[in-house]
Amino acid sequence: MISIQLILLIIFGLAAIWFGWRVFMTSSMVRSALSLLASMVAIGALFLVMEAEFLGVLQIMMMGTEMSIMAIFMMMYMMDPGGLGNMDMTHQKNVSIAAGVAVTVLVTGAAIFADWGTIATQVPSPHEQIRLLGMEILKRSMMIFETAGVTILTGMIASIAVALSIKNNAKK
Amino acid sequence: MTPFLNSFMISLLFVGGVYVVAVLERWSMTGNVNWGGPARSFLLLFVQEEIKTRKHDKVFFETAPILFIGVILLTISILPFSRGSVIVNLGTGALFINAALVYVMVSLLMAGWAVNGVYAMVGGWRALAQLIAYSMPVVMALTATVMRAESMFLIDIVESQQSLWNVLYQPVGFILFYISALAITFLPPFDLPVAEGELAGGVWADLTGARKLLFRLGRLALVLTLSVAVVVLYLGGWMGPWLPDFVWTFLKSLLVAASFFTIGRFMPRIRHDHLLEYNWKYGVPLALFNIFQVGVVLLL
C-alpha cells in the first residue's frame, strides 16, 4: 500500500543516503560536517514521519549541536585555519570499501531476515511516548545510558587535557 | 476563535512587536528614539545592490539566511500567546525551542564561512563557540521547567505557574535562561559574532541587500521570540488581571525585550574567552544545581 507516509519515508531515506555520500566527496571539513548534519536531519525527519515526535526532535537537536562541536574540534585538532584548507576525507581506501560492503550486506540481511514482530497499527500520543521513554531510560536501560554518558564525558575532558599545551593567562 | 484567525492575529501582533524591537535596538545603539528609522533601513536594504564575494560557497551563501529566518518562524509557531492561541501545540514544545536555536548557530556558521572573507569567517566560528556554550544552560533550564509542569507542552508549563511564577520558583534557572537568551540572540554585551567595532560586522560583514535584510529581520524576530519564551517559561505567560490574555503576553514580552536592550546599552562588551569561561565554569554547574534544587523542592 502506498501512502504519503511511505513516500515521505523513501524521500527522506534517499536524502539521508545522498548527504551521507556527499560527506566523503568534498575536500572541505566544513562542507563535510554540514553534509553529515543534513544526513542526520534527514534521519530525524524519518522519525517524525514515523510519528516518533520526541525522537525526531531530539535527533534533529542533538545532531545540530554534535556536528557543530565536531566541526569546531576538527578545526582545532587539524590546525586548519578557518576550515578553508583542502583535505581528503578518505583514507585506507581498499580496506574501507571492503568494510563498507561487508557492513551493508550484514545490515541489509538483518533488516530483511529479522523477525520484526507485528507492525504497530496505533501510535501512542507524543506525550505518552515521552513518558514511556523516560520510564525505559530510568529503569531497565539506566545502567547503559549512565555508563555511555560518563564514558563520553571522560573522553571529552581527556582529549581537551591532552590538547592543552599553554594555559590561558598563565604567569611566565 | 478559528485557527486561521488565531494565526493571523498572532502574526499581526508579532510584526508590530518586531517593529517596536527594531526601534528599541536603534535606541540601544544611538540613544535616540526614532520611529521612522527601521522602516527607512528596511527600504534601503530592500533596494540595495547585491554584492557577491569572489569564490563564495553558493549553496551555503543562499541557504544560510533562509535557514536562519526559517527556524525562527518555526519557533514562533509553537509558542502559546494565550490559552487558545498557539499555532501548533507540540507535545515536545520545550525541546523544540532548543532544537530550533541550534540551527540559528548552524546558519550563522554557514553564512560566515560561505562568503570567503576573513572577518565573516572569524565571526562565524565565534558565533558557533558562543551559541554551543550558551545553549547548554538553556536546555538545562528548560528541563527544570518541564520537571515542574511534568509535561513538555508549553501550555502546561504556563499553567503549572498558576500558584507561583517560575521566576520565583526557580530563580537560578531564570537568571541563566535570561543571560543565555542574550547570548543566543548575540545582542550587546554578547554581540561578538557581528560586532561592528570588533570585526567590521562579523558574520554580516560581506552581506548586502536581501540576504542582510533576512538576517537583520531574523535577529529582531529572534529577540522577540526569546522574550516570549522567557515570559512563557518563567513569567507566567498570559496570566494577569483585567486585560485579555494575549495582550499580557505581548506586554510582558516587550518589557523583557526592552530590558535586553537596556542591558546592552549600559554594559561593556565581554571578551570572547571570558564569555566562554564564565559559561562553562559557572553557568553549566549552576544549571545542574538548578535542576537538583527544583527536583528537591518537587519531592518535598
Side-chain angles (χ1 to χ4, degrees), chain A residues 19 22 26-38 40-41 44 47-48 51-76 80-85 123-131 133-134 153 156-157 160 167-169, chain B residues 55 57 59-60 63-64 67 71 74 78 89-110 112-114 116-129 131-133 135-136 138-139 142 146-147 150-153 156 271 273-274 276-277 280:
Chain A
F19 280 117
R22 289 307 303 166
T26 73
S27 53
S28 145
M29 275 192 236
V30 175
R31 283 189 194 133
S32 154
L34 288 174
S35 301
L36 191 54
L37 172 60
M40 292 297 170
V41 169
F47 280 126
L48 289 179
E51 297 180 50
E53 189 182 306
F54 181 80
L55 286 181
V57 174
L58 191 72
Q59 165 89 3
I60 290 171
M61 178 189 104
M62 292 304 297
M63 287 303 146
T65 324
E66 256 163 48
M67 293 308 142
S68 312
I69 292 175
M70 189 189 77
I72 212 164
F73 266 68
M74 282 205 298
M75 299 256 315
M76 289 194 295
D80 178 355
L84 294 173
V123 184
S125 71
H127 189 66
E128 180 63 14
Q129 283 178 29
I130 297 170
R131 204 186 64 82
L133 197 66
L153 184 68
M156 276 161 69
I157 294 173
I160 292 168
K167 269 195 165 163
N168 191 22
N169 297 336
Chain B
K55 285 192 173 179
D57 183 314
V59 180
F60 290 177
T63 11
L67 180 69
V71 292
L74 280 179
I78 63 148
N89 191 15
L90 214 58
T92 48
L95 193 71
F96 191 88
I97 295 181
N98 200 60
L101 292 179
V102 167
Y103 288 86
V104 168
M105 153 177 111
V106 173
S107 65
L108 283 175
L109 169 68
M110 278 164 83
W113 191 80
N116 196 19
V118 71
Y119 287 126
M121 186 194 72
V122 174
W125 288 109
R126 274 185 181 183
L128 186 62
L131 268 72
I132 287 177
S135 55
M136 299 297 152
V138 162
V139 74
L142 274 170
V146 170
M147 277 161 68
E150 294 184 17
S151 163
M152 281 196 182
F153 282 109
D156 289 351
R271 227 173 78 182
D273 55 342
H274 285 173
L276 297 180
E277 196 178 334
W280 288 113

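Residue numbers start from 1 in every chain, and the chains themselves are labelled A, B, ... in the order their sequence lines are given, proteins ahead of strands.
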Given a strict heavy-atom distance threshold of 4.5 Å, which part of A:L58 is in contact with chain B: side chain, backbone, both, or neither?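 Both backbone and side chain.
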How long is the gap from CE on A:M62 to CG on B:N98, to the nearest 0.5 Å?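 Nearest 0.5 Å value for the CE-CG distance: 9.5 Å.
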What's the separation between atom CZ in B:F60 and atom CZ in A:R31, rounded to the nearest 0.5 Å?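 Nearest 0.5 Å value for the CZ-CZ distance: 7.0 Å.
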Considering only heavy atoms from C-beta outward, does the side chain of A:T65 approach that of B:M136 to under 4.5 Å?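 A:T65 reaches B:M136 side chain to side chain.
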Min side-chain heavy-atom separation B:Y103-A:V41 under 4.5 Å: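 Yes - at least one pair of side-chain heavy atoms lies under 4.5 Å apart.
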Is [X] close to chain A through its backbone or its side chain, or both, or neither, when contacts mean heavy atoms under 4.5 Å?
X	value
B:V139	side chain
B:I132	side chain
B:A114	neither

For A:F47, which residues count as a ring-ring contact (aromatic ring centres under 6.0 Å, His included) partner, sequence neighbours excluded?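 With sequence neighbours excluded, A:F47 shows a ring-ring contact (aromatic ring centres under 6.0 Å, His included) to no residue whatsoever.
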I'd like to know which of A:H127, A:M63, A:E53 tops the heavy-atom pair count under 4.5 Å against chain B.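 The residue among A:H127, A:M63, A:E53 with the greatest pair count is A:E53.
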Among B:D57, B:V59, B:V106, B:T63, which residue satisfies the side-chain contact (heavy atoms from CB on, under 4.5 Å) criterion with A:L34?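 Per the side-chain contact (heavy atoms from CB on, under 4.5 Å) rule, the option paired with A:L34 is B:V106, out of B:D57, B:V59, B:V106, B:T63.
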Can you spot which of B:T92, B:L95, B:V146 makes a side-chain contact (heavy atoms from CB on, under 4.5 Å) with A:I130?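 It is B:T92, the one option of B:T92, B:L95, B:V146 that forms the side-chain contact (heavy atoms from CB on, under 4.5 Å) with A:I130.
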Minimum-distance pair of heavy atoms, taken over all atoms of A:G64 and B:M105: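 Minimum heavy-atom contact is O-CE, 4.0 Å.
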Neighbour count >12 (heavy atoms, 6.0 Å) for atom CD, B:E150: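 For B:E150, atom CD is not crowded (no more than 12 foreign heavy atoms under 6.0 Å).
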